[in-house]
Amino acid sequence: MAIILGIETSCDDTGIAIYDESTGIIANELYSQVDMHKLYGGVVPELASRDHLSKIIQLLFNIIKKANVSLNNIDAISYTNGPGLNGALLVGASLATSLAYALKKPVIQIHHLEGHLLSPLLDNKNIPIPFIAFIISGGHTQLVHVKKIGQYEIIGDTLDDAAGEAFDKTAKMLGINYPGGKELALLAKEGKIDYNLPRPMINDNSLNMSFSGLKTATYTLINKIQKNNQNNELLEQDRKDIAKSVENAITDVIVAKAVKASALLNINTVVISGGVSSNDCLRLKFNQHKELNVFYPPLNFCTDNAAMIAFAGYTRLKEAQFNYKINVKPRWSIESIL
Ligand code: KG4
Ligand code: ZN
């Protein structure tokens with residue numbers, strides 16, 4: 001039974017996890033840098049890499065202790081090799097390859113989005129393949145035709161902002177700190193009015209999406225509401241209504257594109273992953289589509305983590321190599337991983 005150590009450092013989460021073929025994830029350590037980046041309104045790449053560097057060794061010690069596994073019993077080390085921030089990726093790649101070299105273990109380079117895409121399989125091995133994967137995160141919004149594990153075709157993409165980015169940028173307009181998606185979703189739960197913001201490209205024939213126009217539309221809406229208020233400020237209920245309107249617009253587009261992809265490919269299994277996949281409103285809307293068989297990652301593995309990288313490593317164990325050359329790929333298409 002194989003045991004894989006996975007390392008994730010592509011953006012602002014430092015993660016290490018151990019996947020055991022017989023029992024699943026046996027330890028998972030995650031350090032989020034969000035409190036630091038919050039001060040700047042977004043991820044500062046240089047600070048991200050320095051922070052990964054200062055935390056990662058401690059996480060490694062923690063995980064060995066928690067998993068009660070000797071490093072010598074690990075069969076392979078998988079790590080995120082891209083896409084992501086160059087310096088941040090280098091920290092994970094350096095630790096993974098130097099550790100593997102010292103232990104004489106093979107390494108497996110994992111595409112970050114493949115990690116997300118496979119994460120729903122962490123607690124459900126019976127998802128039928130082929131399936132349609134919808135990766136909805138802060139950096140990506142991609143529809144992928146999963147022909148088999150390792151063979152992916154991008155069938156839809158955002159032309160500009162990612163869905164998570166649209167959540168974060170509109171949240172910022174409502175005074176919510178980065179990354180605002182989760183907090184905006186909480187506000188939206190108490191919203192009463194839907195201002196019917198535009199749902200760009202919802203009815204076009206392609207599977208592509210566009211979310212950047214939503215920022216301008218939200219900005220215009222905020223100004224209009226403020227002007228009608230006595231002291232030119234948003235009331236708390238206005239913020240909730242705007243949040244609801246934003247959330248409805250984004251999630252309507254996502255669901256419509258998934259439904260379209262399913263009809264075009266004649267595949268009804270849809271696997272949703274990435275930070276936005278934890279959104280309750282999105283899940284409720286998908287639940288209404290009984291023609292789709294929808295799967296999600298466990299809630300704690302929707303956003304970036306190393307459990308998904310360790311698991312992806314397990315699925316590609318055959319490709320593990322004793323090649324310790326570091327070659328991170330900040331830009332890397334999921335179509336060209338093999
Ligand atoms: O997958 P992830 O951790 O990072 C990337 O690889 O980009 O996703 C983070 C994104 C952020 O934009 C965050 O605001 C969004 O996921 N997010 C949410 C929710 N939870 C996280 N967006 C909407 N509703 C949520 N509940
Ligand atoms: Zn991610």
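Because the structure is predicted, anything quoted here is derived from the model rather than measured. Read the numbers this way: they start at 1 and go in the same order the structure lists the ligands and their atoms.
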Report task. I would like to know whether N305 and N300 meet side-chain contact (heavy atoms from CB on, under 4.5 Å); could you show each step before the answer? Result -> CA-CA 9 Å; N305 64 84; N300 52 333; over 6 Å; no
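- Heavy atoms from other residues, nucleotides or ligands lying under 6.0 Å from CG of N287 number more than 12.
- Taking only nitrogen or oxygen atoms, main chain and side chain alike, N279 reaches within less than 3.5 Å of ligand 1.
- Inspection of the H140 and Q142 side chains reveals no N or O donor paired with an N or O acceptor under 3.5 Å.
- Using a 4.5 Å cut-off on side-chain heavy atoms (C-beta onward), L174 and L184 make contact.
- The protein atom (non-hydrogen) at minimum distance from atom 6 (O) of ligand 1 is D304 OD1, 3.1 Å.
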Query raised in the report: Passes side-chain contact (heavy atoms from CB on, under 4.5 Å), K105 versus D75? Steps please.
Result: CA-CA 6 Å; K105 304 286 180 185; D75 295 284; 5.9 Å; no
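- Contacts of H116 with ligand 1, taken as heavy-atom pairs under 4.0 Å, involve the side chain alone.
- What sits closest to atom 21 (C) of ligand 1 on the protein, heavy atoms only, is G275 O, 3.4 Å.
- Taking the N/O/S atoms of D304 in turn, the shortest distance to the Zn ion (ligand 2) belongs to OD1.
- On a distance-only criterion, G139 and ligand 1 share at least one N/O pair closer than 3.5 Å.
- Where the criterion is an N or O separation shorter than 3.5 Å, residue side chain and backbone included, G164 meets it with respect to ligand 1.
- For a threshold of 3.5 Å applied to N or O pairs, the pair formed by D168 and ligand 1 contains at least one separation below that value.
- Taking a 4.0 Å cut-off on heavy atoms, H140 fails to register as neighbouring ligand 1.
- Interface of H112 with ligand 1, defined as ligand atoms under 4.0 Å from a residue heavy atom, comprises 6 (O).
- Heavy-atom distances between C11 and ligand 1 stay at or above 4.0 Å for every pair.
- The environment of Y219 atom OH is sparse: at most 12 non-hydrogen atoms of other residues, nucleotides or ligands sit within 6.0 angstrom.
- In this structure, N266 places its CG atom where only 12 or fewer heavy-atom neighbours from other residues, nucleotides or ligands lie under 6.0 Å away.
- Residue-to-ligand polar distances place G181 within reach of ligand 1: an N/O pair is separated by less than 3.5 Å.
- The shortest N or O to N or O distance between G138 and ligand 1 is below 3.5 Å.
- A salt bridge does not link K244 to D194: none of the charged nitrogens lies less than 4.0 Å from a carboxylate oxygen.
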